[in-house]
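Accompanying notes for the structure given below.
Every chain is numbered from 1 and lettered A, B, ... according to where its sequence line falls, protein lines coming before strand lines.
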Amino acid sequence: MIDIPKTYDPKEAERHHYARWEERGYFAPEINKDRNAPVYTIVIPPPNVTGSLHMGHALQHTMMDVLTRWKRMLGWRALWLPGMDHAGISTQLMVTRQLKKEGLTRHDLGREKFVERVWQWKEEYGGQILNQLRREGASVDWSRFRFTMDESMSRAVREAFVRLYDAGMIYRGNRIVNWCPNDQTVLSDLEVLREPQKGKLYYLRYPFKDGDGSITVATTRPETMLGDTAVMVHPDDERYRDVLGKTLILPLVNREIPIVADDFVESEFGTGAVKVTPAHDPHDYEAGLRHHLEQISVIDKYGRMTEAAGADFAGLDRYKARDLVIEKLEAQGLLEKVVDYENAISKCERCKTVLEPLISTQWFCRMDKLRDAALAKLRDDRKPRFVPDVPYEKVYSDWLENLRDWTISRQLWWGHQIPAWYTPSGDVIVARTRAEAEAKAGTNELTQDEDVLDTWFSSALCPFSTLGWPDETDDLKTFYPSSVLITARDIIFLWVSRMVMTGLEFMGKEPFDDVYVTGTVLDKHSQRMSKTKGNGIDPLEVFEKYGVDATRLTLASVGSTDTRWSEKQVESYRNFANKIWNAARFCLLNAEGGPLSGDPFADHENLPLHDRWILSRLNKTARAVNAQLEQYEFHGVVQTLYHFFWDDFCDWYIELSKSTVTAEADSETRQIARARLIAILEQSLRLLHPFMPYLTEELWQRLPVGHSHLLHGAYSDSEPTIMLAAYPEGDAALIDEAAEAEMQAVIDLISRVRNIRSEMNIKPSDRIQVMIAATSNLQSVFAASADQIARLTRAEVSIDGNAQTPEAAARAVLSGGAEIAVPLEGLIDFAQERARLSREKEKLQKEAEKLERQLNNSDFVSRAPAEKVSELRARVEDIAQRSSALDQMLEALS
RNA sequence: GCCCGCUUGGCUCAGCGGUAGAGCACUCGCUUCACACGCGAGGGGUCAGUAGUUCGAAUCUACUAGCGGGCACCA
């Protein structure tokens, strides 16, 4: 007897298979020997080197793996390309912290040594997520793994930079930017966190230069007043008509500043007069340009006041300066009032420091042309295709339309140093290499720009830089563009849009056909999981407790809508995994003598009903599964598989096969029944494999089948693995509606008898008798299934339309013209039976009335499709028949 | 402020123009020779509300309410 544990132990299966799959190269598209096979590509949105696996990753990875495994089994050359990004700011922060513990700063080490330290850190602590990817069963091609700081990727970054610069799309300029005083670097708009905060609104009086009086302005940041160069009012504001063009004396500084008119001002807000600090506010910066105002920087890159703020303030922290400004203004009677006020404040996404808008020289990427190309692609070709299209297509295009230039330089040491050099005379040379720059400049006295590029600048190139671009490699030709990008919605801007723009610019083609946007896994209070809230659930712990396969199934069924995390759900899929294990256990315990070759379902016409039925169900399921995967209907496909395996295969097919399969004596009938059972199981495992890779491989390897023959043709010379077995696509010829209808009648009959058993409180161990009278068609169906009906109802079955049934019997009427009687001499309570039948009659009557009403509506009969009308008529007829049979029964009982 | 999504049994979610579904929870009965992470039988929903379109609406349209999200937030 084969020894198989009664309960599935996921850890056991998870321990072995992955390493074997990886070693044997199953993940690489080269395993596929069919040169004409279609290509399927997914480039992973590279997780960052400092990150570790969270639920969102696990969700996306599951879906990517499902699709990759599915296409691979269909014989496609499937490539899932893994990568990782260098996360400039976060990583530098990690290492800086590490140094701090040693009492060092990065400047103590110098740039070169510091970068070395970062590489060391990366080797030691970075990329945790890569092993977690393995744990998930992700079938990524590790041989093509790319890290954004690898030389090949760095080269692509320099190439892209040079090309964009030469095309006039990258420029260096002095503009207002988001500055993080803590990280000492500029940030792009997308890295800014907007958070509401309780603050104050200060009303300040600015006196007129000539004559008495003053204008009151409101501000949340009084310290910036030291850098004010104007006050603005709305041109139509009656209150200020007379003061337009007048001059004010800026308090504390005694600078003369003008009053100018600008539409931007909202007269209703505050006093309707706005102080303008072009050097420390993005809106004021724009206004400053419009009115040719001086830009006076009063705050430096450390968030301290500059010399320009005046001797009293220079060197003070910006918040200390705020207090001092207020104190001094109050002393001079220029503080009108202070009110509580809530507004949104910009913070650094990573370190949460309040950002300081500063004027600074940075590199920018112009977005107009890139943006227009992306928008045109969407408008003309509807590419990329968003799934679901509502609302993401609009989210994407709205964002693109309002796009501003992208700040791409960062004041960091970890990252791609900008390929720009300065000559002694200050000319800028942009080139791929220093040598190229020297040649261009005609001198070797060049200094390279100190800054590095935004990490996203390199990530945006991933869809093609990972494939070898700028070289026209075979990989690039073969695998670009990729088939689908799977991602969470907060990445649409950071990634999707930028990849589309660079893809169109450099490759002339969008980087992926489809963009599938996953839902979000929320906690049970509908809150997003986050580190700061501490409400995150660690996928690794879930793997540990319920197994990887069960977790994958749970995550796959999230699909594209947000879902609250429920451990009960994982538990039910854990139970499903166990159900599969035990179904296989049953098959294996009864496998002896099952033939190894040949199609056990060969003689299709003459198969028993339940065999034709399960074949029909299986093939229908396979077709549905393929269709649903094609449409990214992850939730639906999980339901389809679950229902087929548990309800159709386990609850019915195994039970219907049992008497033959478990017969004591060996026989050809027993052999073939066993072979059929195993064949259905085997195909089911293949259908399930993309979702549950470990369990299915574990079981599949144990099945007594000719494994090699089951491999897809493209992998026929490989070692057998379910990973490379042919994915069942479903044969339409095996779908047999008649068999399904007949089987349904048998199932209904068995259910009705069980219902009688239960309602009449008949002990499971008590044998009963079931007498069946049916119309000729069903009569033969039931007759052929009599043994199975008997077994599943624990009854003696007799089928005879003319037999006399005893009065003391529980009865039921089936749809399609069949009646059953269960003689219950001495056991039956006539009143109870009457009540039961009457309830049933009532139900039928209600339904009949509803149908009659519809059929009596002449509009319905004339306008609804004829098919629909006749369907309803047939139902009415069936109900009438059952109803009158019930009447007879009731009459007999009275 | 602008835009979007969601609202279906106690809970978590499917369905998205033609007889209201699943899992969990609940009730009853089962150590039936794969599985108690199980088997069998049940109960439970006017599909948020209102008005429309339609022969027919949970499903389409508009509005309302509640919840959630995105963008812009004006000092």
**Message:** Could you check whether any side-chain heavy atom of Leu703(A) comes within less than 4.5 Å of a side-chain heavy atom of Leu685(A), counting everything from C-beta outward?
**Reply:** yes

I want to verify a distance call: between [options], whose nearest atom is closest to the [X] side chain?
{"X": "Glu266(A)", "options": "A34(B), A75(B), C4(B)", "answer": "A75(B)"}
{"X": "Pro391(A)", "options": "G40(B), C4(B), A34(B)", "answer": "C4(B)"}
{"X": "Phe586(A)", "options": "A41(B), U12(B), A34(B)", "answer": "A34(B)"}
{"X": "Arg194(A)", "options": "C73(B), C39(B), A75(B)", "answer": "C73(B)"}
{"X": "Ala344(A)", "options": "C73(B), A34(B), A75(B)", "answer": "C73(B)"}
{"X": "His283(A)", "options": "C74(B), A36(B), C3(B)", "answer": "C74(B)"}

**Asked** Can you find a side-chain donor-acceptor pair between Glu571(A) and Asn575(A) that sits under 3.5 Å?
**Response**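 No, because no side-chain N or O of Glu571(A) sits under 3.5 Å from a partner of the opposite role on Asn575(A).
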
**Request:** Using a 4.0 Å cut-off on protein heavy atoms (strictly under), produce a 5'-to-3' string for nucleotides 58-70 of chain B with B for base contact, S for backbone-only sugar-phosphate contact, and - for none.
**Result:** -------------

**Nucleic acid footprint by protein, nucleotides 15-32 of chain B - heavy-atom cut-off 4.0 Å, B for base, S for sugar-phosphate alone** = ---BB--SSS-------B

**Asked** P atom, G29(B) versus A58(B): distance in rounded Å?
**Response** 38 Å

**Distance, C1' atom - from C24(B) to G43(B), rounded to whole angstrom** = 16 Å

Can you tell me if [X] touches the phosphate of [N], counting only side-chain N or O atoms and a distance under 4.0 Å to OP1 or OP2?
{"X": "Lys658(A)", "N": "A34(B)", "value": "yes"}
{"X": "Tyr546(A)", "N": "C37(B)", "value": "no"}
{"X": "Asn343(A)", "N": "C73(B)", "value": "no"}

**Request:** Take atom CZ of Arg574(A) and atom C1' of C35(B), then tell me their distance rounded to the nearest Å.
**Result:**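 To the nearest whole Å, that distance equals 12 Å.
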
**Fill in**
Here the distance between atom C1' of A72(B) and atom CH2 of Trp399(A), to the nearest Å, is 15 Å

**Asked** In dot-bracket form, how is RNA chain B paired, counting a Watson-Crick or G-U wobble pair only if both its distances are under 3.5 Å and using | for bases paired to another strand?
**Response** ((((((((.[[[[.)..(..]]]].(((((.......))))).....[[[[[..)....]]]]])))))))....

**Asked** What are the two closest non-hydrogen atoms of Pro258(A) and Thr229(A), and how far apart are they?
**Response**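 Between these two residues, the closest heavy atoms are CD-O, 3.3 Å.
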
**Request:** Might you point out which heavy atoms bring Val265(A) and His234(A) nearest each other, and give the distance in Å?
**Result:** O-CD2, 3.1 Å

**Prompt:** Does a side-chain N-to-carboxylate-O contact under 4.0 Å join Arg873(A) and Asp878(A)?
**Reply:** no

**Prompt:** Is the shortest distance from a Lys or Arg side-chain nitrogen in Glu833(A) or Arg836(A) to a carboxylate oxygen in the other one below 4.0 Å?
**Reply:** yes

**Request:** Determine whether the aromatic ring centres of Phe645(A) and Phe649(A) lie less than 6.0 Å apart.
**Result:** yes

